[in-house]
Amino acid sequence: MRYYVYISKPKVEMLYSQIPQSLLENIAGKLTIDLKFIKTEFSESPKEKSLHSKLLIIESYLKEKKQVGSLEYPSSYIADTMSMKMGSYSSGLVYFGGCGDVVLGLGGSKVNVIGNSGDGHASSHSATPYLVAALNEEIELVNAPLRGGNKNSESVALSGVELATSQMEGVIQKMEFFAKILLRHPSDEYEYTWAGRSGKPVLLGSPLYVSIVD
């Protein structure tokens with residue numbers, strides 16, 4: 001059982017719609033999910049159950065496509081657990097931050113938060129606009145576009161992950177998450193001039209879901 005605190009319905013619907021029908025039926029069969037139930041708009045079951053079923057199918061599909069990694073070995077997506085804090089910015093951004101062997105920041109829109117469980121405060125600083133800008137396309141926030149969209153902006157965004165995570169207030173909770181990776185350091189794709197403050201790998205992502213682990 002998952003106790004969800006965040007689900008990105010727009011991201012779930014977008015990814016689900018891109019799975020080929022033949023693979024959809026195969027994956028749903030393996031997970032014993034009735035596709036007729038998902039397609040039925042006026043199902044007797046709650047809409048949340050349909051959304052959760054789609055999440056399971058998307059996870060399975062991306063894992064079969066070898067696109068899902070972990071904190072230690074990140075890929076296009078990561079699925080893992082970590083002790084994290086949850087906070088929010090006035091811009092409409094909700095942020096999940098954790099630091100272990102890896103510094104992780106996950107950001108999304110506050111409209112996707114389920115209740116207010118564990119909600120704390122994320123401090124603003126000079127790197128915040130870059131952090132928000134790096135998440136813009138994923139969470140449909142329009143303030144603070146990337147200044148030039150260059151490697152330096154990406155470096156500052158990753159520095160913002162470390163700052164935001166280290167300065168967060170709130171309760172630490174063990175959380176499970178499934179997220180798309182947006183930026184990472186070190187990376188094969190970018191040669192960052194910025195050296196991380198912690199000396200640890202840094203990841204910035206946008207979650208499909210975050211849940212609390214009992």
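Source: prediction; values computed, not measured.
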Task: Within the 6.0 Å centroid threshold, strictly below: Y209 and H52 - done: no
Task: Validation row: M84, L106 side chains within 4.5 angstrom (heavy atoms) - done: yes
Task: Under-4.0 Å salt bridge between K54 and E13 - done: yes
Task: Within-4.5 Å side-chain heavy-atom neighbours: Y61 and P20 - done: yes
Open item on the list: Ignoring hydrogens, what is the shortest heavy-atom contact between L163 and S166? Give both atom names and the distance.
Closed with: O-OG, 3.0 Å
Open item on the list: Quick check on the hydrophobic clustering: are V111 and L93 connected, directly or via other members, by side-chain heavy-atom contacts under 4.5 Å?
Closed with: no
- [ ] Could you tell me whether the side chain of I78 reaches within less than 4.5 Å of the side chain of F177, counting heavy atoms only?
- [x] yes
- [ ] Determine whether I212 and Y4 make a side-chain contact, defined as any pair of heavy atoms from C-beta on separated by less than 4.5 Å.
- [x] no
Open item on the list: If you compare all heavy atoms of M175 against all heavy atoms of M86, which two are closest, and at what distance to 0.1 Å?
Closed with: CE-CB, 4.3 Å
Open item on the list: The criterion is side-chain contact (heavy atoms from CB on, under 4.5 Å); which residues satisfy it with V213, sequence neighbours excluded?
Closed with: T81, K174, E176
Task: Check: S206 and L182 side chains under 4.5 Å, non-hydrogen atoms - done: yes
Task: Closest approach of I181 to S75 (non-hydrogen atoms, all atoms of both residues) - done: CG1-O, 3.6 Å
Open item on the list: I'd like to know if I172 and F96 are part of one continuous hydrophobic network [Ile/Leu/Val/Met/Phe/Trp/Tyr, side-chain heavy atoms within less than 4.5 Å].
Closed with: no
- [ ] Evaluate side-chain contact (heavy atoms from CB on, under 4.5 Å) for Q173 paired with S83, printing each intermediate quantity in order.
- [x] CA-CA 5 Å; Q173 296 175 295; S83 294; over 6 Å; no
Open item on the list: Distance alone, cut at 3.5 Å: any donor-acceptor contact between the side chains of K180 and S76?
Closed with: no
Task: Distance-minimising heavy-atom pair for V161 and T165 - done: O-OG1, 2.7 Å
Task: Neighbour count >12 (heavy atoms, 6.0 Å) for atom CG, L56 - done: yes
TODO: Please name the pair of heavy atoms, one in S8 and one in P207, separated by the smallest distance, quoted to 0.1 Å.
DONE: CB-O, 3.6 Å
Open item on the list: Applying side-chain contact (heavy atoms from CB on, under 4.5 Å) to I57 and L24, what does each step give before you reach the verdict?
Closed with: CA-CA 8 Å; I57 290 173; L24 198 61; 3.6 Å; yes
Task: Heavy-atom side-chain proximity of L51 to V12 below 4.5 angstrom - done: yes
- [ ] Begin with the C-alpha distance, continue with both residues' side-chain angles, and end with the deciding distance and a verdict on side-chain contact (heavy atoms from CB on, under 4.5 Å) for L55 and Y16.
- [x] CA-CA 8 Å; L55 263 175; Y16 183 81; over 6 Å; no
TODO: May I ask you to decide if M14's main-chain N or O and S17's side chain share a donor-acceptor pair within less than 3.5 Å?
DONE: yes
- [ ] Evaluate the side-chain proximity of D80 to S70: yes if any heavy-atom separation is below 4.5 Å, no if none is.
- [x] yes
Open item on the list: Measuring only between side-chain heavy atoms, which start at C-beta, is I58 closer than 4.5 Å to L208?
Closed with: yes
Task: From L203, L104, L158, L204, residue fulfilling side-chain contact (heavy atoms from CB on, under 4.5 Å) relative to R184 - done: L203
- [ ] Check M168 against A164 and note the closest heavy-atom contact, atom names and distance.
- [x] CG-O, 2.7 Å
TODO: With rounding to the nearest 0.5 Å, note down the distance linking CD1 in I27 to CD in E64.
DONE: 4.5 Å
